[in-house]
Amino acid sequence: MSQAAAKPAENKNEKDMKDIVALCKRRGFIFQASDIYGGINGFWDYGPLGTELKNNLRDYWWKKMVTTPPVGPDGHPVQIVGLDSAIIQNPAVWVASGHVGGFSDPMVDCRETKKRYRADHLIVLIPNDDTPWITSIADDEEFLNARLKKAAKGKSINDYKQKSLIDVDLSDYPKILAPDAKDKGTLTEPKEFNLLFETGIGASEADKTTAYLRGETAQGIFINYKNVVDSSRVKMPFGIAQVGKAFRNEVNPRNFIFRSREFEQMEMEWFCHPEDAPTWFEFWKSERKKFWESIGLSSENILMRDHAADELVFYSKGTCDIEYKYPFTDPDFGELEGIANRGDYDLTQHQEHSKTKLEYLDPERNNEKYLPHVIEPAAGLTRGVLALICEAYTPDPNRPSGVFLNFDPKMAPKKAAILPLMAKDGHPEVAEKLYMELREEFAVDLDIKQNIGKRYARQDEIGTPYCFTIDGQTLEDGTVTARERNTMAQERIALDSVAAYLREKLR
RNA sequence: GCGGGUGUAGUUCAAUGGUAGAACGUCAGCCUUCCAAGCUGAAUAUGCCGGUUCGAUCCCGGUCACCCGCUCCA
């Protein structure tokens, strides 16, 4: 991103995160968690409308994954089953997955340059005299040479012993010259970063054992893979889907709900024969992009970004992020969903650590035994909510509210508002009757108070796509006004066709 | 985690070393046959803790939170 003028939009027609956050609070979408206690960093609460919106996204994802999954390359619908695993699992799960131990890299900061390095990425050149210990980045010969030239005062690489910073005693840190520093002794001691939240199981302090809140829902799926295969009559290839909370002790929560310490994921693990994995990878990339577009994200705000080879985690055979152009990343994009070809890494890990055979016996391949490969479309539910809100936020100086939320009707927290034109003359009675009928099928609002313009404006601000207004004519000929949010256009339709009208619009 | 900024009603802002105003929102009443979000009225705020001071929302320190940049993001 350009350093310079990343400044808030002067133009009122642009989307400004400040305005979006304020609207979210004002209308009950998203609140700072523990608000009345001064908040708590990295946590957010979903208000009445935010909850509806999040549920709508979650339910639609579930429908598209589990209830009505897509048609596969062979022309038949694929098979995906659901799961809801515990947030707390045996801690060994997280050891096997690599979340505990393996990936918790110690970091060091340089007090002088404010840079941060992974301790295991730094090599230290130790001289046999009392000149500074020079550090360099591992596997970066160019950097090393440049560093030697600048700091070694004529010495060559052969005048030094090499050690990883991890193996250097803390008492020697004052001698160390940090990679980009001018003075020695500026490195802080290595800090362990473990993004998993720890908790204790057992009511008595003495008997507590350490456990972890899950850092992703995916592991719950892998450890239930065998249970599902044994109980669900699924056959390769198939998927297991799960929606739920995940927790990460993010170093730096930022950007509203984009990076939170408690968030929700919608993950599906697609198990298939290793040979077919590349085909399914492409299949799910395409399906997932279609999904986000089908709920209103415009394609120009979506970017499919394949990870470069050096960006892939070591076990991944390919990863593609579906990124969204959030207002705070604009003109860049930020992650919304990651689709990864994880190979057989996870099942291998769990097979070894649990000492439980997880191979699949495939009768359709001459009883070949294999560990399935896994394609993982892992979407952020809460990030999806954020993307939906950002996409929907539409300043419009030409309407009383000054802004409206252009939600896809499927996603809108309220599908319609029932509004008696006046709070008398029999209007409220008819409105309430209509409301009672519609609410059986749709999330609808009944609003009787104040003038009609105010009520339309209020509905615009919360993104309600349709308003039905009962007026004097309703009592005479049984028609109501249907008002469409985006165009503010009105048409008269029969009172008894309102449900059908809504049903049609929401398809 | 580092650096910078900010913290006043629900929101957006104003003001002051002698405890604060507005607009919009909210609520109530009135009015209104379709969006000039009408009229009248009401409730609601100086993030938290400490220090200086006769007295702090204002000055100082700490803390918490938010924003921006860097770093990080298995």
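In what follows, chains carry the letters A, B, and so on, assigned in the order in which the sequence lines appear, proteins first and then strands, with residues in each chain numbered from 1.
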Counting the atoms with a prime plus P, OP1 and OP2 as sugar-phosphate, which does A:Gln32 contact under 4.0 Å by heavy atoms, base, sugar-phosphate, or nothing? sugar-phosphate
With rounding to whole Å, what would you report as the distance between B:rG18 and B:rU57 at their P atoms? 11 Å
Provide, to the nearest angstrom, the distance between the CD1 atom belonging to A:Ile30 and the C1' atom belonging to B:rG10. 16 Å
Give me the distances for all protein-to-nucleotides 23-30 of chain B N/O pairs that come in under 3.5 Å?
{"unit_1": "B:rU26", "atom_1": "OP1", "unit_2": "A:Arg458", "atom_2": "NH1", "d": "2.2"}
{"unit_1": "B:rG29", "atom_1": "OP2", "unit_2": "A:Lys449", "atom_2": "NZ", "d": "3.0"}

Under 4.0 Å, heavy atoms only, any strand: does A:Phe256 hit a base, just the sugar-phosphate, or nothing? sugar-phosphate
Test the A:Lys415-A:Phe442 pair against the cation-pi criterion, namely NZ or CZ under 6.0 angstrom from the six-membered ring centroid and within 45° of the ring axis. no
Euclidean distance for P, B:rA65 against B:rG29 (whole angstrom): 42 Å
Stepwise side-chain hydrogen bond (donor to acceptor under 3.5 Å, both in side chains) test for A:Asp477 and A:Thr479: CA-CA 6 Å; A:Asp477 68 3; A:Thr479 61; 2.8 Å; yes
Quiz question: going by heavy-atom distance under 3.5 Å, is there a donor-acceptor pair between the base of B:rC34 and the side chain of A:Gln490? yes
P gap between B:rA43 and B:rG21, integer Å: 13 Å
What's the closest nucleotide to the A:Leu195 side chain, out of B:rA74, B:rC73, B:rU32? B:rA74
What does A:Ile452 touch in the nucleic acid at a heavy-atom separation under 4.0 angstrom: a base, only the sugar-phosphate, or nothing? sugar-phosphate
May I ask you to decide if A:Ala246's main-chain N or O and A:Arg214's side chain share a donor-acceptor pair within less than 3.5 Å? no
A:Asn451 CG to B:rC34 C1', straight-line distance once rounded to whole Å: 10 Å
For A:Ile40, answer base if it contacts any base atom (sugar-phosphate contacts may also be present), sugar-phosphate if it contacts only those atoms, and nothing otherwise; contact means non-hydrogen atoms under 4.0 Å. sugar-phosphate
Is a donor-acceptor pair below 3.5 Å formed from side chain A:Arg483 to base B:rC35, judging by atom type as modelled? yes
Whether the side chain of A:His350 engages the backbone of A:Ile223 through a donor-acceptor N/O pair (distance < 3.5 Å, no angle test) should be reported. no
Keeping A:Tyr326 on the side-chain end and A:Glu335 on the backbone end, is there a donor-acceptor pair under 3.5 Å? yes
For A:Met17, report the nucleic acid contact type (base, sugar-phosphate, nothing); a contact means any heavy atom under 4.0 Å. nothing
Taking any heavy-atom pair under 4.0 Å as a contact, classify A:Asn255: base, sugar-phosphate, or nothing. sugar-phosphate
Dot-bracket for RNA chain B, 5' to 3', with Watson-Crick and G-U pairs under 3.5 Å, [ ] for crossing pairs and | for other-strand pairs: what is it? (((((((..((((....[..)))).(((((.......)))))....(((((..]....))))))))))))....
For A:Phe222 and A:Phe271, take the angle between the two ring planes, folded into 0 to 90°, and tell me which bin it lands in: parallel under 30, tilted 30 to 60, perpendicular over 60. perpendicular
Of A:Arg492 and A:Gly39, the one whose closest nucleotide on RNA chain B sits nearer the 5' end is A:Arg492
Taking atom C1' in both B:rC66 and B:rC31, what distance in whole Å separates the two? 42 Å
Integer angstrom distance from the C1' of B:rA28 to that of B:rU44: 15 Å
For A:Lys25, which contact category applies under a 4.0 Å heavy-atom criterion: base, sugar-phosphate, or nothing? sugar-phosphate
How far, in whole Å, is B:rG55 from B:rG5 if one measures between their P atoms? 30 Å
A:Asp496: what forms a side chain to side chain contact (heavy atoms under 4.5 Å, CB included) with it, not counting sequence neighbours? A:Ala494
Least distance between heavy atoms, A:Gly426 atom then A:Leu475 atom: O-CD2, 4.3 Å
Starting the side chain at C-beta, find the nucleotide from B:rA74, B:rC34, B:rU33 nearest to A:Met422. B:rU33
Taking B:rU32, B:rC72, B:rA37 as options, the one with an atom nearest any side-chain atom of A:Pro400 is B:rA37
B:rU12, B:rA74, B:rU32: which one has an atom nearest the side-chain heavy atoms of A:Ala22? B:rU12
Looking at A:Tyr37 and B:rC64, is any side-chain donor or acceptor paired with a base atom of the opposite kind under 3.5 Å? no
So A:Arg254, base contact, sugar-phosphate only, or nothing? Heavy-atom distance under 4.0 Å. base
Over all strands shown, is A:Arg399 touching base, sugar-phosphate only, or nothing at heavy-atom distances under 4.0 angstrom? nothing
So A:Asn41, base contact, sugar-phosphate only, or nothing? Heavy-atom distance under 4.0 Å. sugar-phosphate
If we take the P atom in both B:rG17 and B:rC67, what is their distance in whole Å? 31 Å
Side chain of A:Trp44, heavy atoms from C-beta onward: which of B:rU11, B:rC35, B:rC66 has the nearest atom to it? B:rC66
A:Asp445 bridged to A:Arg455 by N-O distance under 4.0 Å: no
Plane angle bin for A:Phe407 and A:Phe29 - parallel if under 30°, tilted between 30 and 60°, otherwise perpendicular: tilted
Classify the side chain of A:Asn252 and the base of B:rC72 as holding, or not holding, a donor-acceptor pair under 3.5 Å. no
Using atom C1' of each nucleotide, how far apart are B:rC58 and B:rG47 to the nearest Å? 15 Å
Salt-bridge criterion met for A:Arg492 and A:Asp471 (N-O under 4.0 Å): yes
Within the 3.5 Å criterion, strictly below it, is a donor on A:His373 or A:Asn341 matched to an acceptor on the partner's side chain? no
